[in-house]
Amino acid sequence: MALILDVARFKYPPHWVPLTLLWEAMDRTDETTAQRRGFMLISRPHTEPGLLYTLSCKHESWVGVAKYLMDDVPLLLKSEDVKDINKVLHVVFLSLPSSFGDFIKWVAEIRRQEDGGQTLSQEEKGRLSVKDEVLKQVQETDLFKHVVAFLSSSNSCCRNVPILDQEDDLPDIAASVCCQGAEILAGKSASVKGYFCKEKCVKCLKANGDKPITLISGTVVDGISEQGLDVLVPSSQTKMICCGCGPSSHIGMHPAGNDVLTALLLALPPVTWSGIKDEKLLQEIYALVSTEHLPILLQEEVLHLRRQLHLLKRCQENRVDQDLGAPLS
């Protein structure tokens, strides 16, 4: 039997029919179209999570950041007389909200410590390898080279943006990630009580000829119990200090500020740049941010971020409409 729920419930109340009868009804030919009536499958939209980056809505600050990126940046570029790539980046990042560091996050691999954290499964190695590849692809883009040059310039306006300080603060970032991971693993995501990372240690693992892997180990407590967690860190060209062995020549990896900003610029809607008056510069920008010739992995990552930005934009607009008393669609 199949339950029929008609949209005109006042005229056609819910009723049960045999499945064979329903099939025959759908199999009839419509006189107007000469096609069978058929049926439609409807489900919630499903998108794969980001491999390396995600946008955070945990704090109210996302509203301001989303508005700045989607609304203010296009207006700023239209109002400014930009003549080169460096000036475009200056305009985009000049007024970046201070809460931006909490807005875009790198996706960490988190696991409970079961074997002292000294070995990784093939599955874990595989996921970490994919993350490394995505980050490598970000760093091979021409846009990345412009971002690095801009951030290293003496007149860069972005030195105080929190997310750009990650290179020197990886253990603290990992401690925060460990706490979030403990909440998720305990089914207490965004819990009021929260967790505290009592101990943390950076390790560099290398076994059986595999390339070195950066691993952060932490002991997380919530006032009642404690558990050990490992964070498997994706890659970025930053020198790391290995716990217990002093300075290391190992290049540790985690997405740094220039990686994050490059990915975000790629994810901004193409219409963002349409207000640039210099036609030659506009075409140069479009060539830098185009996803058409990006590797498939990076394309998917950028499109994932772009979809998230659009969703946040819609949420922000709905919040404004709600505040004004307008009906929501």
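Side chains are part of it too, since the values below use all heavy atoms of this structure and drop only hydrogens, waters and symmetry mates.
Following chains of ILVMFWY side-chain contacts shorter than 4.5 Å, one cannot reach Val271 starting from Leu77, and the two form parts of different hydrophobic clusters. Leu311 and Trp62 fall into different hydrophobic clusters, where Ile, Leu, Val, Met, Phe, Trp and Tyr are joined by side-chain heavy atoms under 4.5 Å apart, directly or via other members. If you chain together hydrophobic residues whose side chains sit under 4.5 Å apart, Leu5 and Met1 fall into the same group. In the hydrophobic clustering of this structure, Val91 groups with Phe100; members are Ile, Leu, Val, Met, Phe, Trp, Tyr whose side-chain heavy atoms approach within less than 4.5 Å, directly or through other members. Residues Leu303 and Leu309 do not share a hydrophobic cluster, clusters being chains of Ile/Leu/Val/Met/Phe/Trp/Tyr side chains in contact below 4.5 Å.
Within a 6.0 Å sphere centred on NZ of Lys78, heavy atoms belonging to other residues, nucleotides or ligands number 12 at most. Summarising the local packing, OH of Tyr12 is surrounded by 12 or fewer heavy atoms from other residues, nucleotides or ligands at distances under 6.0 Å.
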Check step by step if salt bridge (charged side-chain N to carboxylate O under 4.0 Å, His left out) holds for Asp27 and Arg37. CA-CA 6 Å; Asp27 198 37; Arg37 289 184 176 275; over 6 Å; no
Given salt bridge (charged side-chain N to carboxylate O under 4.0 Å, His left out), test Arg28 with Glu24 step by step and report yes or no. CA-CA 6 Å; Arg28 291 177 181 270; Glu24 290 175 10; 5.7 Å; no
Which is it for Gln308 and Thr54 under the side-chain hydrogen bond (donor to acceptor under 3.5 Å, both in side chains) test, yes or no, and what are the steps along the way? CA-CA 8 Å; Gln308 285 190 302; Thr54 189; 3.2 Å; yes
As a quick check of understanding, evaluate side chain to side chain contact (heavy atoms under 4.5 Å, CB included) for Leu69 and Phe103, giving each step before the final call. CA-CA 11 Å; Leu69 293 173; Phe103 180 67; 3.8 Å; yes
So Thr272 and Val92, side chain to side chain contact (heavy atoms under 4.5 Å, CB included) or not? Walk me through it. CA-CA 10 Å; Thr272 301; Val92 173; over 6 Å; no
Determine whether Ser99 and Tyr68 satisfy the following criterion, side chain to side chain contact (heavy atoms under 4.5 Å, CB included), listing intermediate values before the conclusion. CA-CA 11 Å; Ser99 54; Tyr68 175 77; over 6 Å; no
Verify side chain to side chain contact (heavy atoms under 4.5 Å, CB included) between Arg111 and Leu229, making sure each step is shown before the conclusion. CA-CA 6 Å; Arg111 63 171 190 172; Leu229 289 173; over 6 Å; no
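When all heavy atoms are compared, the tightest approach of Gln299 to Leu294 is NE2-O, 2.9 Å. For the pair Lys131 and Val107, the tightest heavy-atom approach, listed with the atom from each and the gap, is NZ-O, 3.1 Å. The two residues Arg9 and Pro14 make their nearest non-hydrogen contact at NE-CD, 3.7 Å. Across Thr29 and Ala34, no two heavy atoms sit closer than the pair CG2-C, 3.7 Å. Closest approach of Leu281 and Lys83 over heavy atoms only: CD2-C, 3.6 Å. Residues Gln316 and Asp71 approach most closely at OE1-OD2, 4.0 Å, considering heavy atoms.
The side-chain heavy atoms of Asp230 and Ile216, taken from C-beta on, include no pair separated by under 4.5 Å. Contact check for Val82 versus Asp278: no side-chain heavy atoms found under the 4.5 Å cut-off. For the pair Gln139 and Asp259, the minimum side-chain heavy-atom distance is below 4.5 Å. No side-chain heavy atom of Leu305 sits less than 4.5 Å from a side-chain heavy atom of Leu264. Between Leu265 and Trp273, some side-chain heavy-atom pair lies under the 4.5 Å cut-off. In this structure, Leu22 and Ile4 have side chains that are in contact, with non-hydrogen atoms separated by less than 4.5 Å. Looking at Asp142 and Lys145, their side chains come closer than 4.5 Å, going by heavy atoms from C-beta outward. Taking 4.5 Å as the limit, some side-chain heavy atom of Ser274 sits within range of a side-chain heavy atom of Tyr286.
A distance of 12.5 Å separates CG of Leu128 from CD of Glu133, quoted to the nearest 0.5 Å.
Arg306 pairs in a side chain to side chain contact (heavy atoms under 4.5 Å, CB included) with only one of the listed residues (Thr291, Leu268, Leu266), which is Thr291.
Using a distance-only test at 3.5 Å, with no hydrogens or angles considered, no donor-acceptor pair links the side chain of Glu109 to the main chain of Glu124.
Under a 4.0 Å N-O distance rule, the pair Glu284/Lys280 does not qualify as a salt bridge.
Ring-plane geometry between Phe150 and Phe93 is classed as tilted, the angle between the planes lying from 30 to 60 degrees on a 0 to 90 degree scale.
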